[in-house]
Amino acid sequence: DTGVSQNPRHKITKRGQNVTFRCDPISEHNRLYWYRQTLGQGPEFLTYFQNEAQLEKSRLLSDRFSAERPKGSFSTLEIQRTEQGDSAMYLCASSQTLGQRNTIYFGEGSWLTVV
Amino acid sequence: AQTVTQSQPEMSVQEAETVTLSCTYDTSESDYYLFWYKQPPSRQMILVIRQEAYKQQNATENRFSVNFQKAAKSFSLKISDSQLGDAAMYFCAYRDGGSQGNLIFGKGTKLSVKP
């Protein structure tokens, strides 16, 4: 069990550029989540997948954000035309659906700074 | 909508002493889960303890225990015999029992441990 892996860990980009983050969940976890966390705040839910299906999206996920999980394994989160307000840590998490052991495990996050 | 409130932005405890972190939540659901997550500086968020709402017995994990008051919608975390490694941000989180996974977090409490 290697844990939830995210990359890149840090990304600095100019306003208006596109960025993409990748998340590799814990193997055999069929659920995958994306959260956003800004300084001094708790994580805020963005979206989640069960296998390859995106089942829920937050209102925080504007049209500039798109997430995919094409084969039900890794996921990508793309932000188009970045804005300074997008600067945050993007957290990926995963879990199983079996029984009550559906604890959500988090990755170390990907820090985005938009300049 | 469900909300989670952590009223203590910062707390401090002497090493080996006991500290209690507060959390209240609001929900109209009867089936839900509550969690405490720990986020050390620049490190990933890890689960400290979880509580199922239908269980009357308070959860305990080694030095960590909770005081779950369902009627009062209160879920405090007690850390006994505090250690330097306990210093971190602590987040209280809520999840509907029927939800597909959306965790709702409080704003966190920063815990400092004094040697």
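This one's a predicted model, so the numbers in the text were calculated from it and none came from an experiment. In the text below, chain A, chain B and the rest are named by the order of the sequence lines, each starting its count at 1. Note: hydrogens, waters and symmetry copies are ignored here, and every other heavy atom, side chains too, is used.
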Contact list for residues 12-21 of chain A, test side-chain hydrogen bond (donor to acceptor under 3.5 Å, both in side chains), sequence neighbours left out
none

Applying a strict under-4.5 Å side-chain criterion to I, L, V, M, F, W and Y, I'd like to know whether B:Tyr25 and B:Ile49 cluster together.
yes

A:Lys57 atom NZ, over 12 foreign heavy atoms within 6.0 Å
no

Interface check, chain A: of B:Lys107, B:Gln6, B:Met89, most non-hydrogen pairs under 4.5 Å belong to B:Lys107

Interatomic distance, A:Thr103 atom OG1 to B:Ile46 atom CD1 [nearest 0.5 angstrom]:
12.5 Å

Is any side-chain heavy atom of B:Arg95 closer than 4.5 Å to a side-chain heavy atom of A:Ile104?
yes

Is it possible for you to say whether B:Tyr90 and B:Val66 belong to one hydrophobic cluster, with membership spreading through side-chain heavy-atom contacts below 4.5 Å?
yes

Is the number of heavy atoms from other residues, nucleotides or ligands under 6.0 Å of A:Gln41 CD greater than 12?
yes

Counting only heavy atoms not in B:Lys70 (residues, nucleotides, ligands), do more than 12 fall under 6.0 Å from its NZ?
yes

I'd like to know whether CG of A:Leu60 has more than 12 heavy-atom contacts from other residues, nucleotides or ligands below 6.0 angstrom.
yes

Does the side chain of B:Phe91 come within less than 4.5 Å of A:Gln37's, by heavy atoms?
yes

When you compare the side chain of B:Gln39 with that of A:Pro43, does any pair of heavy atoms fall below 4.5 Å?
no

Taking the side chain from B:Tyr37 and the backbone from A:Phe106, do they hold a donor-acceptor pair closer than 3.5 Å?
no

Could you tell me the separation between the CD atom of B:Gln44 and the OG atom of A:Ser5, rounded to the nearest 0.5 Å?
10.0 Å

Supply the atom-to-atom distance A:Tyr35 OH to B:Leu103 CG, rounded to the nearest 0.5 angstrom.
4.0 Å

Spacing of OH belonging to A:Tyr105 relative to CG belonging to B:Leu47, to within rounding of 0.5 Å
7.0 Å

